[in-house]
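In what follows, a single structure is set out as C-alpha cells and then discussed.
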Amino acid sequence: MITAAIAALHERGEFALPEAGLPLVEIERPQQAQHGDYATTIALKLARPPQSRAIAAQIAAYLNETAPLVPAYDLVEAVTTAGPGFINVRLKPEWLLRQARALIEAGPDVGAVDVGRGSSINLEFVSANPTGPVHIGNGRGGFIGDTLGNVLRAAGYAVTKEYYFNDAGAQIQKLGGSIEYYMRLALGQPATKPLGADGKEEGYFDSEGDPDDTFYQGVARLVLAETNQGAEVLDLPVDARTAVIGKRAAQHIIQNIRATMQRLNIQFDVWFNEASLVTTGEVLAGIETLRDGGYLFPQDGATWMETTRFGDDKDRVLIKSDGERTYAASDVAYIRNKLNRGFDRLIYVLGADHHGYVGRLKAMAQMFGYTADKAHVLIYQHVNLKVDGKSERMSKRRGNVITLDDLADLVGPDVMRFFYLMRSADTHLDFDLGLAMKQGEENPGLSVQYGHARVAGVLRKAVEAGFHPESEALSADLAVLTNDPPEQLAAELALIRELLKLEEIIERIALSLEPHHLTKYGMDVAAAFHVFYDRCPMLRAESAEVRNARFALTLAARTVLARVLTLLGMAAPDRMERATDTSE
RNA sequence: GUGCUCGUAGCUCAGUGGAUUAGAGCGUUGGCCUGCGGAGCCAAAGGUCGGAGGUUCGAAUCCUCUCGAGCACACCA
C-alpha cells in the first residue's frame, strides 16, 4: 500500500526516487499504541530530515485521499506523520474488533502462517548420551526444541523432531564396566570399580551414601533380571562382557529417557541410534564419500578430514592411528544420513559446551556439497538451579546434579516448561525453585494457564446463566462495541490487538528461532484479558448486542490462549485446582 | 592465549536502529471486594542500559577498545 502510494507520487513527479530504487518498505509496530497500529520509516530512508518530513506528509496525504476510494483499504482509519518522518497507520476500531470472528473460526489453527512454505527441517535436540538419566541442563534443549518445532509447524514448515542416541563406542564399554560392578555387588561377589588408563575410577556411578541416588544400581538389577541373574554374561571374556552388559544397560537407559521425555511432553518423531550407522555400513560409506571428495589426508598414522578448508578452527581425526574410528566418523555418517533424507535444513539445538561443534558441522555439510547455512546450530546457555535466592551451579563433582524427573516431581512439568522457556536461549537460566514451587498468584508459570481457566470459567458461568456464547458470538456484530465508554473500548481494543499479534509472534519465532517470545506473549494476552474482564461486564452487559460481542472477544481470547499453551506443550485447563502451597 | 555467549530496576530477565516517559515478572509500599472466579485490577517507589570512544538526523540496539561472568578449545565420547 505504501509502495503503491510512493509509486503513484513518483509518477506525478512530486519527488524523485534514489537511483538504486526504492528501499525495502519495512512495516513495524510502534512501541507505543498511541502512535498507531503500524508505522514505517520509509520517508527517513528516502531523504534526510527535515526533507523526510515533507515526504512523509506527502505520502500520508495521498493515502488519506485514496484509502476511502479503494475497497481493500477500508480498514484504514487514518494515516498520520510524526517526528522526523514516521508514517503511522491507524486501523479502524470496528475492523479490528470484527477480526475476533476470524480468530474463533480458525480454532486450533489460529495464528498459522506460511513463511515455511512446506520446506522441511530436521530438528535435533536433547540427544543426551544413554549413560545416565537426563538432567536439568538437557531439559533446556528439550523444551526449546519441542516448542520451537511446534511453532515451526504452525509457520508452515515440515518438521521432523529427532533424538540421536550415542549408543556405540567406548562410553558404552565404560557403562558396561560400571553396571558389571553393581551387578557383582548385588550378587555379593567381589567387585571393584573399573579403572581407566590413568589408574583412576572410570565410568558411571551412583553418589556414595545417597539413598535416593541409586540409578545405576537399578539398571544393574534390570540387567540381572534378564540375564538369569548375570549367569549369561558375567563369565564372558572381559571385552565381550562389558560390551554386552553396556548394550543392555544402554537399552534400559534409553527406555528411561524416553519415559522422561514423554512425561514432559517433549515429543520426537525419530529416535535415531548411532549403532545403526555402524551396522548399515553408513559410517564407512560416509568416510569413502569424503575420501572421494579429496577432503581426507593422512598424518601421524591417523586419517584426518580437512574441515579447516571450510572455516573450522582445526582439522578433525576420523580414524585414529590405532585404527579405531572416532566419534566424528559417526557424526559424518549421521549428517550424511540426514542429508540423504532430503531435508532442506538441519537445525541442531545444543548446549553451550558444544559450541565448538558449529564449525565442524557446517564444514561437514559443505564437504557433502551444501552451503554452510544448510546446518544451523542453536546454542543454549547453561542452567543453574536457584535455591533460596542463591545460585547453585550444577556439576557432578559438586554432587548436586538434579535430574529432570526430580525437578518435575517438585514443580510439575507445565510450570517447569514455562520457566525454561521464559528466557532467551542466549542467556544463562537461573531456575528459581522457590518461585516455581509456589502455587499462588506470584508464580508466573501458572499465569497463562490461569488466564485460560478464567476465560473458560466465564463462559461456563454464561452457560449456567442460560446464554449460549458459542452460537451468540458468531452472530454478533462487534462494531457495536465502538459505542462503549472510552475506558471499556480501550480495554476491548487492547485485547483484540493483542490477540491479532499471534501470527506475528509465530512468524518471528520461526525466523529467529527464539521460542521464548511465546511465554511473554502468553502473559501479555492473559493480562489484556484480565483488564478487559475487569472493566467490561458481560453477563450484565447493557444490551444483548454488547453481551454477544463480548462473548466473541472472550471466545477469541480462549482460542488464542489455548493455541499458545498447546504450542508451549502445556495443558490448557478449564479449571485450576487450588492446590495447597507446597513451598510452606 | 584464541573463539562463542552474556552484562538493562533490589532479584530473574524482555527489548525488532527510532518516538518527551527504556518494559515484564517477582519483591517492596499504598488503594479497589454485597463480585460475570481477587490466582485479578489500579497506582507508587525503584535505571549513569558494565565503562570509554565512534558511526548516525537518531544507539540499550551497529563498530572499536576495555572491565566483569560463563563456556569451549583431544588421535575423548
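Sequence lines set the chain letters: A, B, ... in the order given, protein chains first and strands last, and positions in each chain run from 1.
- The side chain of A:K461 lies closest to B:G37 when the candidates are B:G40, B:G70, B:G37.
- Residue A:K362 contributes atom NZ, which lies 14 Å from atom C1' of B:C4 at whole-angstrom precision.
- Nucleotide B:G1 is matched to B:C73 when pairs are restricted to Watson-Crick or G-U wobble geometry with both distances under 3.5 angstrom.
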Practice problem: Apply side chain to side chain donor-acceptor pair (under 3.5 Å) to A:Q381 and A:T427, showing your working. | Solution: CA-CA 6 Å; A:Q381 300 297 316; A:T427 109; over 6 Å; no
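- At a threshold of 4.0 angstrom between heavy atoms, the contacts of A:S424 are confined to the sugar-phosphate backbone, with no base atom among them.
- Residue A:D524 contributes atom CG, which lies 19 Å from atom P of B:C13 at whole-angstrom precision.
- Residue-level contact check: A:A462 touches neither bases nor backbone, having no heavy atom under 4.0 Å from any strand.
- A straight line from NE2 of A:H516 to C1' of B:U16 spans 11 Å, rounded to a whole angstrom.
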Practice problem: Spell out protein contact along nucleotides 72-77 of chain B as letters: B when the base is contacted, S when just the sugar-phosphate is, - when no protein heavy atom is under 4.0 Å; keep the 5' to 3' order. | Solution: SSSBSB
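- Using Watson-Crick or G-U wobble geometry with both donor-acceptor distances under 3.5 Å, B:C65 finds its partner in B:G51.
- Separation of the P atoms belonging to B:C75 and B:U48 is 48 Å when rounded to the nearest angstrom.
- Spacing between atom CG of A:L350 and atom P of B:C71 amounts to 17 Å, rounded to whole angstrom units.
- Base pairing annotation: B:C33 forms no Watson-Crick or G-U wobble pair, as no partner gives both donor-acceptor distances under 3.5 Å.
- A:T147 OG1 to A:L421 CG: the interatomic distance, rounded to the nearest 0.5 Å, is 4.5 Å.
- Between B:C71 and B:U55, the two C1' atoms lie 32 Å apart (nearest whole Å).
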Self-check item: Full working for side chain to side chain donor-acceptor pair (under 3.5 Å) between A:Q171 and A:T131
Solution: CA-CA 8 Å; A:Q171 61 186 337; A:T131 52; 4.8 Å; no
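- Rounded to whole Å, atom P of B:A24 lies 16 Å from atom CZ of A:F418.
- In this structure, CD1 in A:I55 is found 9.0 Å from CG in A:L44, a value given to the nearest 0.5 Å.
- The side chain of A:D430 sits closest to B:C13 out of B:C41, B:C13, B:G15.
- Pair assignment for B:U20: none, as no Watson-Crick or G-U wobble contacts are both less than 3.5 Å.
- If you take CG of A:L429 and P of B:C71, they are 15 Å apart, rounded to a whole angstrom.
- Judged by distance alone, the side chains of A:H517 and A:E514 do bring a donor and an acceptor atom under 3.5 Å apart.
- The nearest whole Å value for the distance from the CZ atom in A:R53 to the C1' atom in B:G58 is 13 Å.
- Using P as the reference atom, B:C42 and B:U5 are 39 Å apart when rounded to the nearest Å.
- A:V458 comes within contact range of at least one nucleobase, with a heavy-atom separation under 4.0 Å.
- The CD atom of A:E504 sits 15 Å away from the C1' atom of B:G15 (whole-angstrom rounding).
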Practice problem: Could you run through nucleotides 25-34 of chain B and give me one letter per nucleotide, 5' to 3': B if any protein heavy atom sits under 4.0 Å from the base, S if only the sugar-phosphate is that close, - if neither? | Solution: SSS-------
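- Relative to the side chain of A:K520, the nucleotides B:G18, B:U5, B:A14 differ in distance, and B:A14 lies closest.
- Within the cation-pi definition used here (under 6.0 Å to the ring centroid, within 45° of the axis), A:R417 does not qualify as a partner of A:Y420.
- Shown here, B:G58 forms no base pair; nothing in the strands shown gives a Watson-Crick or G-U wobble contact with both key distances under 3.5 Å.
- Nucleotides B:G10 and B:C49 are separated by 13 Å at their P atoms, to the nearest Å.
- As rounded to the nearest Å, B:G70 and B:G25 have C1' atoms that lie 24 Å from one another.
- Across all strands shown, B:U28 forms a Watson-Crick or G-U wobble pair, both distances under 3.5 Å, with B:A44.
- The ring of A:F86 lies on top of the base of B:A19, close enough and flat enough: under 5.5 Å between centres, under 30° between planes.
- If you check every strand for non-hydrogen atoms under 4.0 Å, A:R550 touches nothing.
- Contact annotation for A:N88: base contact, defined as any heavy-atom pair under 4.0 Å involving a base atom.
- Residues in residues 309-321 of chain A take part in these side chain to side chain donor-acceptor pair (under 3.5 Å) pairs, two or more places apart or across chains: A:E306-A:R309, A:T307-A:D312, A:T308-A:D315, A:D312-A:R316.
- A:R460 has no carboxylate O lying under 4.0 Å from a charged side-chain N of A:D574, or vice versa, which leaves the two without a salt bridge.
- Within the nucleic acid shown, A:T41 comes within 4.0 Å of at least one base atom, counting heavy atoms only.
- Of all nucleotides listed (B:C11, B:A14, B:C57), B:C57 comes nearest to the side chain of A:L44.
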Quiz item: Could you go step by step and tell me if A:E492 and A:R550 meet the salt bridge (charged side-chain N to carboxylate O under 4.0 Å, His left out) rule?
Solution: CA-CA 8 Å; A:E492 288 158 342; A:R550 287 178 182 162; 2.8 Å; yes
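- Nearest to the side chain of A:A39, among B:A19, B:G37, B:C42, sits B:A19.
- Residues A:V458 and A:Y533 are in side-chain contact: their nearest non-hydrogen atoms beyond the backbone lie under 4.5 Å apart.
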